[in-house]
Participant: 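Quick one: structure below, then a few questions.
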Amino acid sequence: MKVVILAGGYANRLRSVTNNGEIAKTLLEITAEGKTQPILYFLLDKVRELPAVDNIILVANDKYKDQIVNAIHEYASENKCPKFTIISDGSNSPEHAMGANFALNLADACIPAEYDQPILVTACDNYFDFDLNDLYAFYTKMENQTDGPVNVVASKLYPDSEREFIANNFGILNVDKDKSIISLDEKPGIENIKTNNVSLALYMFNRDDLGLIDTYMSITTDKKKRDSLGYFINYVTQRTDSFTYEISGAFCDIGTPDEYYKMKNNGFNV
């Protein structure tokens with residue numbers, strides 16, 4: 001299995017806690033599971049539990065690449081890790097940010113076309129406490145049931161009390177009764193939201209369908225649709241067998257100072 005970590009963003013909403021943008025967002029320390037460490041380390045802890053990960057491909061930017069490389073070297077000095085491939089999207093400021101789809105396209109180019117194992121893709125700034133092996137098991141189950149290649153999008157069902165918040169901040173999945181994804185609406189707004197099922201920026205792709213990112217980027221000119229990963233996910237789900245795996249337990253998108261301080265000071269109460 002290969003793992004792609006997208007870490008090329010500049011976290012403009014978190015400048016008050018990143019020393020005005022001098023610290024990579026994924027290296028901010030949070031508290032969970034009885035320990036305090038960078039967000040990235042929690043993610044790597046989960047990834048290391050997966051079977052036969054042969055390469056972790058991390059896409060950063062020029063501004064934070066050295067910070068992240070040093071942090072990974074420190075982590076690897078204390079933990080057995082798979083091979084890392086760390087690349088930059090070439091940008092060095094928020095004004096020149098390239099977006100998640102551009103980063104995913106760079107990562108895709110590092111994976112051989114004939115690769116025949118699943119590929120996990122994740123954002124670098126989310127905390128979750130569920131076992132990635134459960135996501136992998138669901139992927140394998142759906143692959144066997146459909147007798148062909150599939151993709152899986154992790155999701156979480158939010159309560160109605162947070163409906164307006166999720167409508168304005170997340171991609172919302174519309175799902176059939178068999179867990180098949182009908183569509184993904186990227187930040188649809190409260191007037192257009194259809195479900196409370198939130199896409200978590202955590203995906204498992206087969207090789208051919210991940211490769212659709214190259215075609216998508218070549219035909220998409222709208223900047224917002226080139227930047228936001230949700231639009232590409234919707235593009236994939238309209239063309240392939242894609243399913244959602246609904247997680248239980250803790251999940252936190254550390255996108256605002258409030259969410260960050262909740263994780264830093266108190267941890268996440270499941």
Side-chain angles (χ1 to χ4, degrees), residues 1-9 11 24-28 30 32-33 37-61 64 68 71-72 75 81-87 89 99-108 110-111 117-139 151-156 170-171 173 184 186 198-207 209-210 213 227-233 236-237 242-247 249-255 259 263 268:
M1 184 184 302
K2 295 190 187 297
V3 175
V4 174
I5 300 176
L6 303 176
K25 175 181 181 178
T26 194
L27 300 183
L28 292 172
I30 59 173
E33 303 171 35
Q37 61 182 11
I39 301 167
L40 179 61
Y41 288 9
F42 283 103
L43 178 57
L44 294 178
D45 286 346
K46 298 291 189 297
V47 166
R48 288 173 55 238
E49 297 172 358
L50 286 166
V53 174
D54 55 52
N55 193 9
I56 299 174
I57 304 167
L58 187 146
V59 186
N61 55 53
Y64 299 131
I68 292 173
I72 287 174
Y75 181 87
C81 289
K83 172 187 172 184
F84 276 92
T85 299
I86 303 174
I87 57 178
D89 65 11
N101 288 321
F102 183 88
L104 184 59
N105 203 13
L106 290 177
D108 176 70
C110 296
I111 303 172
Q117 298 300 308
I119 301 160
L120 178 75
V121 176
T122 179
C124 70
D125 51 6
N126 293 337
Y127 170 77
F128 54 86
D129 68 353
F130 73 94
D131 190 335
L132 288 174
N133 282 294
D134 294 338
L135 178 65
Y136 177 51
F138 179 80
Y139 175 94
N151 307 289
V152 172
V153 179
S155 66
K156 185 173 177 66
F170 294 101
L173 290 169
L184 186 151
E186 182 66 15
V198 170
S199 172
L200 301 184
L202 181 64
Y203 319 98
M204 196 161 281
F205 289 96
N206 69 79
R207 179 67 190 90
D209 290 342
L210 178 62
I213 185 62
D227 288 352
S228 178
L229 202 55
Y231 291 103
F232 171 65
I233 301 304
V236 171
T237 62
S242 301
F243 301 89
T244 184
Y245 175 73
E246 188 177 313
I247 74 163
F251 171 82
C252 185
D253 174 15
I254 307 168
E259 291 298 315
M263 292 297 299
F268 198 99

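These numbers come from a predicted model, not from an experiment. Only this structure's heavy atoms are used, side chains among them; waters, hydrogens and symmetry mates stay out.
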Participant: Quick one, Phe128 and Lys46 - any side-chain contact, counting heavy atoms below 4.5 Å?
Facilitator: yes

Participant: Could you state the interatomic distance from CZ (Phe84) to CG (Asn55), rounded to the nearest 0.5 Å?
Facilitator: 9.0 Å

Participant: Step by step, would you call Ile233 with Thr237 a side-chain contact (heavy atoms from CB on, under 4.5 Å)?
Facilitator: CA-CA 6 Å; Ile233 301 304; Thr237 62; 4.2 Å; yes

Participant: Looking at Asp129 and Gly249, would you say the former's side chain and the latter's main chain have a donor-acceptor pair under 3.5 Å?
Facilitator: no

Participant: For Leu120, which of Ile56, Val53, Leu202, Val152 qualifies under side-chain contact (heavy atoms from CB on, under 4.5 Å)?
Facilitator: Leu202

Participant: Quick one: does Ile72's side chain get under 4.5 Å of Leu40's, heavy atoms only?
Facilitator: yes

Participant: Kindly indicate whether the side chain of Val236, heavy atoms from C-beta on, has any atom under 4.5 Å from the side chain of Ser242.
Facilitator: yes

Participant: Using side-chain heavy atoms (C-beta onward) and a distance below 4.5 Å, is Leu210 in contact with Leu104?
Facilitator: yes

Participant: Ignoring hydrogens, what is the shortest heavy-atom contact between Tyr64 and Gly9? Give both atom names and the distance.
Facilitator: CE1-O, 3.9 Å

Participant: So which atom in Cys81 and which in Arg48 form the shortest heavy-atom distance, rounded to 0.1 Å?
Facilitator: SG-CD, 4.1 Å

Participant: Taking the inter-plane angle between the rings of Phe205 and Tyr203 on a 0 to 90° scale, is it parallel (under 30°), tilted (30 to 60°) or perpendicular (over 60°)?
Facilitator: tilted

Participant: Working note: Asp45 + Tyr75, criterion side chain to side chain donor-acceptor pair (under 3.5 Å); need CA distance, chi angles, decisive distance, verdict.
Facilitator: CA-CA 10 Å; Asp45 286 346; Tyr75 181 87; 2.5 Å; yes

Participant: So, Glu33 versus Tyr127: side-chain donor-acceptor pair below 3.5 Å or not?
Facilitator: yes

Participant: Indicate yes or no: at least one non-hydrogen side-chain atom of Thr26 is less than 4.5 angstrom from one of Leu43.
Facilitator: no

Participant: Which pair of heavy atoms, one from Cys124 and one from Ile5, lies closest together, and at what distance?
Facilitator: CB-CG2, 3.8 Å

Participant: Does Asp54 pair with Lys83 as a salt bridge, N-O distance under 4.0 Å?
Facilitator: no

Participant: How long is the gap from CG on Leu132 to CE on Met1, to the nearest 0.5 Å?
Facilitator: 8.5 Å

Participant: So Leu27 and Ile39, do their side chains get closer than 4.5 Å, heavy atoms only?
Facilitator: no

Participant: Can you name the closest pair of heavy atoms from Gly230 and Glu186 and give their distance?
Facilitator: CA-OE1, 3.3 Å

Participant: Compare all side-chain heavy atoms of Phe138 with those of Phe243 and state whether any distance is below 4.5 angstrom.
Facilitator: yes

Participant: Please evaluate residues Leu50 and Asn133 with respect to the criterion side-chain contact (heavy atoms from CB on, under 4.5 Å), reporting the C-alpha separation (whole Å), side-chain torsions for both, the decisive distance (0.1 Å), and the verdict.
Facilitator: CA-CA 6 Å; Leu50 286 166; Asn133 282 294; 4.0 Å; yes

Participant: How far does NZ of Lys156 sit from CZ of Phe130, to the nearest 0.5 angstrom?
Facilitator: 10.0 Å

Participant: Would you give the length of the straight line joining atom CD1 of Ile213 to atom CZ of Phe102, rounded to the nearest 0.5 angstrom?
Facilitator: 11.0 Å

Participant: To the nearest 0.5 Å, tell me how far Asp131 CG sits from Ile247 CD1.
Facilitator: 12.0 Å

Participant: Are any of the side-chain heavy atoms of Cys110 and Ile87 separated by less than 4.5 Å?
Facilitator: yes

Participant: What distance separates Asn151 CG from Asn206 CG, expressed to the nearest 0.5 Å?
Facilitator: 5.0 Å

Participant: Using side-chain contact (heavy atoms from CB on, under 4.5 Å), reason through Asp253 and Glu259 one step at a time and then give a plain yes or no.
Facilitator: CA-CA 7 Å; Asp253 174 15; Glu259 291 298 315; over 6 Å; no

Participant: For Asp89 and Gly8, which heavy atoms make the closest approach, and how far apart are they?
Facilitator: OD2-O, 3.9 Å

Participant: If every non-hydrogen atom of Ser155 is compared with every non-hydrogen atom of Thr244, which pair is closest and at what distance?
Facilitator: OG-OG1, 2.6 Å

